[in-house]
Amino acid sequence: MTMRPSTEGVVTGSDDAFLASYEQLESRDHGVVPPWLIALRRAGIAHFGELGFPTTEDEEWRFTNVGAIASLPTHPAHSWDNPQPAARELERFTFGQMPSIRLVFIDGCFTPSLSSTELSAEGVEIHSLKNALQANVDWVQGHLGRYSGADKNAFVALNTAMVEEGAAIRILPNRRIEKPIHLLFVFNTTQRGASIHPRILIVAERGSDARVLESYECLQEGETFTNVVTEIVMGEGTRLEHCRLQLESKRAFHVGTIHAHQARSSHLITHSISLGAKLARVNINPVLDAEGCECTLNGLYVVDGGQLVDHHTAIHHSKPHCNSHEFYHGILDGKAQAVFNGKIFVRPEAQKTDAKQTNRNLLLSDEATIHTKPQLEIFADDVKCTHGATVGQLQDEAVFYLRSRGIGKDAARRMLVHAFASDIINRISIEPVRTELDQIMFDLFEREPGV
Amino acid sequence: MLEIKNLHAQVEGKKILKGLNLTIQPGEVHAIMGPNGSGKSTLAQVLAGRDAYDVTEGKVIYNGLDLLDMEPEERARAGVFLAFQYPVEIPGVNSTYFLKAAFNEVRKHRGEAELDAIDFLNLVKEKMKVLELPQSLLNRPVNEGFSGGEKKRNEIFQMAVLDPKLAILDETDSGLDIDALRLVAEGVNKLKRPDNAQLIITHYQRLLDYIVPDFVHVLYDGRIIKTGEKRLALDLEERGYDWLLAEYRSQTTETPSGLVGAR
Ligand SMILES: Nc1ncnc2c1ncn2[C@@H]1O[C@H](COP(=O)(O)OP(=O)(O)OP(=O)(O)O)[C@@H](O)[C@H]1O
Ligand SMILES: [Mg+2]
């Protein structure tokens, strides 16, 4: 449970700026947006008020101090009229101009001129969230906020209070969408405290199959704040591959939460790749709420310097015969810190659950720290749950094998670190994304120093 | 080409090699046999430069170089190749990428230009054919999911590509069926030239039917206790090691530590 401790000194106590942002939004939107949205936001801010920013006394946030976020002079990132970047400046965020349905958000604002001309295509209906809310699209109202748990997590509550922009995606029944749907969030501002609270709703109707990519980038290095919530609603027999790439500024703060609700025989695949930000926290919470569901959670974090990355995943096995697989790899250098907390809840009726969790970490420096913790709470008796966490250096035998073929010690090590990352990247089915990430890993690890 | 003098090595405080002497001239093929645990792989790994083994005494001169003073990659570039008894699986490292990196390092050392991708691929395909390895292995991570036999053939394939001066084969024949054995032998024999040499560690005479050794050595308790010609291998196959160990024990005043009669 998240609770605000009574010891006032621990809390930075400046949620005021966040409250002011909310009030500004509410007064501006009054009478413009549908009343149900006003009510949703109000509930959000009320929860945020009750919960407050978590402190490290909260078990869920033990190693991740968000004090620096709480004390940011937060304001909507688009408050300054920065000149809009040219399309060519964004090219490097497009995976070699990968064919996709692309929605571009500059400083949190949907920018049609940089996005695909047709958002909705055969079998899929896509709106920027703002447009969907103004048009009062019924399925958006039906799902928004239904599963996200704003009462339990302060950041989700805050996002809910600030619901304004983002994306609403509906994949129609039995349709397979070939092109990836790419939501590209780019910070153009460098204003300290520039904040975005995107909300993304993905509704996959029965038998559909699609791939959604969220990427978080920046044109400039700034102390920005992203607080995004993605809600995924999966119908029967659906398949959804969701990929989030967090490549923000090394000074940025990034909090992202994914809630997925899965119906019978649906298969969710998520990839969380986290390279940027000074502090990044990602929560992924799939609920396997019917028989025959499957979810696969892949993750890769690569951090150095003073970066901190925290993944909290919670897989809820609520019904029998569901499988979950989780593979997270971390590479830590410098004084970086990483947190991996993998919860698996198996409810009493969830017999024949098969859950597998692996978290492997490579520490490239003595000063890097990792807190890894599996947390299995199993209330059914006929289940198979395995977990394993490793923390260590490269395998000596592998290094020696490469060296014994003439490959230098450093090159051998770099090759193996890269391979460790590739092991996760290769699970992404979108080829241009894989290629791009592989190049990033190559540049990070294999390019000769000084070349 | 290779001169090992009074080599002592230990691992985790346990003495394994205890004064080993061996000289190999260019053009020669030497076989090393010996009971399990006698130190054969240790010798191979020490020659390749595995730092888990501490050399406490002795010298190894390779083509005029102090081999023990060189890093593993320097040894490889200078032409030493070890076919591992247990090839290591390396998930995530593509076989072609790995081999090309190794190949170019060796060429660079020899002062030769790097091969372009097409020439390299042609070379690789030609060598694969000799070993009848499926080309699909090139697209897979190094050794990952390879069958036992594929791993062993892959070692010889790498050897064929890297074209070493001194090849050390550590039980490359174990676990191979007779056809694979013949392919491996063929690969090794193709490499045979007056200016290079091979050191073949094996338990079985049958490999030596295809790769004919000039000398056969028996390694026991960290030392070479007998050297003979090819027929020594036949004798060992027929009679086992006991007669030799008995002979050895009666000759030495000092009893070899603990191990006597243990196997
Ligand atoms: N890393 C190690 N740690 C501890 N003991 C070791 C290690 N490596 C080898 N040894 C021991 O050293 C001895 C020699 O091992 P080695 O592998 O060299 O034998 P071998 O002659 O190659 O045997 P085999 O015929 O079974 O391959 C054995 O008793 C072995 O258990
Ligand atoms: Mg051995």
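A note on names: the letters A, B, ... follow the listed sequences, proteins ahead of strands, and every chain is numbered from 1.
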Q. Around B:Lys165, counting heavy atoms of other residues, nucleotides and ligands shown, do more than 12 lie under 6.0 Å from its NZ?
A. no

Q.
At a heavy-atom distance under 4.5 Å, which candidate from B:Met159, B:Arg50, B:Glu71 has the highest pair count against chain A?
A. B:Arg50

Q. Rounded to the nearest 0.5 Å, how far apart are OH of B:Tyr97 and NE2 of A:His418?
A. 7.0 Å

Q) Counting only heavy atoms not in B:Asn139, do more than 12 fall under 6.0 Å of its CG? A) yes

Q. Is A:Lys343 atom NZ crowded by more than 12 heavy atoms from other residues, nucleotides or ligands, each under 6.0 Å away?
A. yes

Q) Applying the salt bridge (charged side-chain N to carboxylate O under 4.0 Å, His left out) test to A:Arg403, which of B:Glu105, B:Glu73, B:Glu74 qualifies? A) B:Glu73

Q: For residues A:Ser404 and B:Phe84, report the shortest heavy-atom separation together with the two atoms involved.
A: OG-CE1, 3.4 Å

Q. Between CD of B:Glu155 and OH of A:Tyr401, what distance do you get to the nearest 0.5 Å?
A. 3.5 Å

**Q.** Residue B:Val93 versus chain A: region with a heavy atom under 4.5 Å
**A.** both

Q | Closest non-hydrogen atom pair between B:Ala101 and A:Met415, with its separation | A | CB-CE, 3.8 Å

Q | Validation row: A:Glu397, B:Tyr86 side chains within 4.5 angstrom (heavy atoms) | A | no

Q: Check whether any side-chain heavy atom of A:Ile407 sits under 4.5 Å from a side-chain heavy atom of B:Phe98, and report yes or no.
A: yes

Q: Please flag which part of B:Asn94 lies under 4.5 Å from any non-hydrogen atom of chain A: side chain, backbone, both or neither.
A: neither

Q | Other residues, nucleotides, ligands: >12 heavy atoms within 6.0 Å of B:Lys100 NZ | A | yes

Q: Name the member of B:Pro72, B:Ala52, B:Ala76, B:Gly92 that forms the most heavy-atom pairs with chain A at distances under 4.5 Å.
A: B:Pro72

